[in-house]
**Q** 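I'd like to ask you about the structure that follows.
Since the model is a prediction, treat every value here as computed from it, not as a measurement.
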There are 2 protein chains.
Amino acid sequence: MQTQEYDPQLCAVANARPALRLSPAMPGFAPAQTWEPQPDAQVACSNCNLRELCVPAGLSRADMDRIDEVVGPRRKVLRGRELFHTGERFTALYAVRSGFFKTCVTTADGRDQVTGFQMAGEVMGLDGIMDTQHSCSAVALEDAEVCVMQYDRMQELAHEVSALQTQMHRIMSREIVREHGVMLLLGSMCAQERVAAFLLNLAQRMHARGFSRTEFILRMTRADLGSYLGLKLETVSRTFSKLQDEGIVDVRWRHLRILDMAALEGLVGRQA
Amino acid sequence: MQTQEYDPQLCAVANARPALRLSPAMPGFAPAQTWEPQPDAQVACSNCNLRELCVPAGLSRADMDRIDEVVGPRRKVLRGRELFHTGERFTALYAVRSGFFKTCVTTADGRDQVTGFQMAGEVMGLDGIMDTQHSCSAVALEDAEVCVMQYDRMQELAHEVSALQTQMHRIMSREIVREHGVMLLLGSMCAQERVAAFLLNLAQRMHARGFSRTEFILRMTRADLGSYLGLKLETVSRTFSKLQDEGIVDVRWRHLRILDMAALEGLVGRQA
DNA sequence: CGAAAAGTTGATTGTCTTCAAAACTGGTGG
DNA sequence: CCACCAGTTTTGAAGACAATCAACTTTTCG
């Protein structure tokens with residue numbers, strides 16, 4: 001897959017057609033609420049506009065209906081609040097319904113590392129399966145809503161619906177592959193390549209959700225981004241400024257526009 | 001869990017009792033052959049001395065017997081040869097029976113990143129589940145033998161034996177958590193901390209297999225280790241020399257002895 | 001409106017990389 | 001069995017890139 005070569009956060013929606021459009025079509029900077037025309041209505045997986053990107057992807061209509069059994073009530077998470085935190089007992093996986101999250105691991109000595117950013121359709125909490133305890137925390141970077149999937153019920157259902165079992169394996173494998181990409185980024189790329197790879201990945205994921213591929217809002221601070229990319233926030237800021245001087249992007253605060261996609265791709269493809 | 005704080009390669013054998021001893025007890029530098037008194041005999045999971053570290057961990061005796069159904073004939077891999085490579089069709093997972101492997105991702109432009117080192121009892125190939133194609137390659141760093149587990153048969157069996165389903169989820173989750181640890185290492189530690197964290201992790205894993213915790217052989221080159229740790233081989237070498245000057249370790253070629261475990265732990269626990 | 005948070009930019013420092021050469025190890029074939 | 005050679009490791013010196021420290025600007029939010 002071509003995209004894997006430069007993707008730091010390897011596409012979390014491997015089999016999403018690029019042409020997928022959510023309805024209604026998003027102008028590009030729609031706030032989270034726009035995702036959900038009917039604010040509090042519970043939407044079944046089979047009716048969810050994220051079904052092609054999320055857990056039910058690839059399941060038959062009948063299987064999808066059964067999945068609704070494990071999806072509990074939605075949970076809202078305000079900006080800055082935690083969905084779960086390190087050490088908390090693991091009981092459920094969470095699919096992002098709207099909004100934007102970061103996950104981070106924290107060490108006893110106060111070191112902190114952002115391990116990923118999650119957007120609509122992506123699953124959080126997989127780290128907790130190992131020993132029924134979350135080993136990272138998830139923080140909403142904007143007001144968000146998640147679908148809560150009780151893990152024990154998922155296991156039961158996966159036992160009956162083998163397509164769900166397959167899909168769970170694929171989701172976990174995808175996360176492993178994504179993290180390989182991040183390791184590649186952290187282990188062998190310079191600052192500019194890291195930022196470029198991140199932007200390309202984010203652009204692709206936005207596009208897969210029907211947003212503009214070239215123009216979007218960065219939901220995280222420079223410090224969060226720096227942590228994820230293994231850089232200090234000043235370096236991230238300087239790198240953005242440099243890319244702007246070179247006419248490759250236009251960055252204004254958190255508003256980002258890619259002006260020269262080819263140049264951005266070129267930055268990641270060639271040796272440092 | 002205390003160990004998670006400094007483990008780059010988070011313990012791949014989470015529920016192994018530290019006191020686990022393989023029989024016969026290993027003197028510390030036993031070659032791979034020692035693991036297998038009967039060279040070519042097929043050992044069932046239920047009789048395998050690695051069962052507490054590997055896929056059957058935590059399964060009942062009856063379930064373990066059923067697992068033998070999916071474990072095909074062993075496969076030998078000579079030093080330097082690939083078990084599987086990027087792009088190859090994924091059909092099976094592999095459990096290391098003896099020997100030592102590295103896994104690495106490679107990009108079109110020739111960049112290379114070692115994503116992990118695997119030893120007895122650890123599972124390789126999880127990255128291939130996502131799209132039935134391996135996204136990394138596995139190379140034996142010494143003559144090795146693996147148990148081949150056909151994935152489609154594993155899925156069938158997991159459908160019947162729910163304990164196997166649970167265990168597969170745990171193994172994948174463990175890999176995700178391990179990679180979080182590597183991201184923390186690559187994203188926020190200096191060279192000395194990275195090397196120290198790696199040594200502590202390796203020591204722990206050796207110990208879990210009945211080897212000495214303080215004295216072992218490094219099976220990988222400095223270049224491999226550098227790739228894994230996001231450093232150049234010269235930096236790895238210099239860091240070893242520095243740790244040696246400080247009286248913390250004794251390194252001679254690939255033979256390594258930890259002289260001051262507490263000091264090594266201190267290097268990782270405190271802020272850079 | 002004012003304070004706090006987030007972001008930018010500059011100067012300097014430090015760590016790691018790069019380039020280079022020498023020393024060591026281990027396997028192979030004479 | 002020993003010598004040799006390729007691959008690996010060590011060490012040094014110089015240079016590059018990102019981190020650090022610091023000042024200032026802009027935005028956000030109570």
Side-chain angles (χ1 to χ4, degrees), chain A residues 29 31 78-81 100 102 111-114 139 141-143 185-198 217-246 249-256 267 271-272, chain B residues 29 31 78-81 102 111-114 139 141-143 185-196 198 217-246 249-256 267 271-272:
Chain A
F29 301 101
L78 294 178
R79 192 167 81 114
R81 306 299 295 273
F100 200 88
K102 68 171 177 182
R111 230 189 288 258
D112 219 60
Q113 173 73 31
V114 173
V139 178
L141 296 180
E142 56 177 342
D143 291 356
L185 178 145
L186 291 171
S188 73
M189 292 186 185
C190 70
Q192 200 175 36
E193 293 171 321
R194 294 183 198 196
V195 171
F198 168 77
I217 300 285
L218 300 170
R219 302 294 180 178
M220 71 292 291
T221 66
R222 299 287 189 265
D224 286 334
L225 190 45
S227 172
Y228 179 63
L229 298 177
L231 302 170
K232 294 298 165 189
L233 66 93
E234 295 95 329
T235 306
V236 174
S237 179
R238 268 185 250 274
T239 306
F240 276 145
S241 300
K242 186 153 171 256
L243 289 174
Q244 175 144 329
D245 291 346
E246 293 169 353
V249 302
D250 180 68
V251 206
R252 279 181 208 160
W253 198 240
R254 304 238 179 140
H255 178 162
L256 192 134
L267 283 178
Q271 197 71 290
Chain B
F29 301 102
L78 294 178
R79 191 167 81 116
R81 306 299 295 272
K102 68 172 176 182
R111 232 189 285 256
D112 219 61
Q113 174 73 31
V114 173
V139 177
L141 296 180
E142 58 179 340
D143 291 354
L185 178 145
L186 292 171
S188 73
M189 293 187 185
C190 69
Q192 200 174 37
E193 293 171 321
R194 294 182 197 195
V195 171
F198 168 78
I217 300 285
L218 300 171
R219 302 294 179 177
M220 71 293 291
T221 66
R222 300 286 189 266
D224 286 334
L225 190 44
S227 172
Y228 180 62
L229 298 177
L231 302 169
K232 293 299 163 189
L233 66 92
E234 295 96 328
T235 306
V236 174
S237 178
R238 270 185 251 274
T239 307
F240 275 144
S241 300
K242 185 152 171 259
L243 290 174
Q244 176 144 326
D245 291 346
E246 292 168 354
V249 301
D250 182 67
V251 204
R252 282 181 206 159
W253 196 241
R254 304 243 178 133
H255 178 162
L256 192 135
L267 283 178
Q271 196 71 292

**Q** Without decimals, in angstroms, what is the distance between B:W253 CH2 and C:dT25 P?
**A**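 Taking atom P of C:dT25 as the reference, CH2 of B:W253 is at 7 Å.
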**Q** From CG of B:D245 over to C1' of D:dG12, roughly how many Å is that when rounded to an integer?
**A**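 One finds 15 Å between C1' of D:dG12 and CG of B:D245, rounded.
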**Q** I need the CG-C1' distance between A:L233 and D:dA18, as an integer number of Å.
**A**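 After rounding, the gap between these two atoms is 12 Å.
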**Q** Using a heavy-atom cut-off of 4.0 Å across all strands, would you classify B:S237 as base, sugar-phosphate, or nothing?
**A**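 B:S237: base contact, heavy atoms under 4.0 Å.
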**Q** Roughly, in whole Å, what's the span from CZ in B:R254 to P in C:dT25?
**A**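 Distance, rounded to whole Å: 13 Å.
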**Q** Encode nucleotides 15-21 of chain C as B, S and - characters from 5' to 3', where the letter depends on protein heavy atoms closer than 4.0 Å: B to the base, S only to sugar-phosphate, - to neither.
**A** -SBBB--
**Q** Rounded to 10°, tell me the angle between the two end axes of the helix from C:dC1-D:dG30 to C:dG30-D:dC1, each built from five pairs.
**A**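 Roughly 50°, once rounded to the nearest ten degrees.
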**Q** Once you round it to whole Å, what is the distance between P of D:dA18 and CZ of A:R222?
**A**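 Going from A:R222 (CZ) to D:dA18 (P), I get 17 Å.
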**Q** Please report the distance, rounded to the nearest Å, between CG in B:L141 and P in D:dT8.
**A**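 Interatomic distance, CG of B:L141 to P of D:dT8: 11 Å.
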**Q** Checking A:R194 side chain against A:L229 main chain: does a donor-acceptor pair fall under 3.5 Å?
**A**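 Yes.
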**Q** Which part of the nucleic acid, if any, lies within reach of A:R79 when heavy atoms closer than 4.0 Å are counted: base, sugar-phosphate only, or nothing?
**A**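 The residue A:R79 makes sugar-phosphate contact but no base contact.
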**Q** Measure the distance from CG on A:L185 to C1' on D:dA18 and round it to the nearest whole Å.
**A**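 In whole Å, D:dA18 C1' and A:L185 CG are 15 Å from each other.
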**Q** Whole angstroms only, please: what is the CZ-P distance between B:R252 and C:dG26?
**A**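 Taking atom P of C:dG26 as the reference, CZ of B:R252 is at 13 Å.
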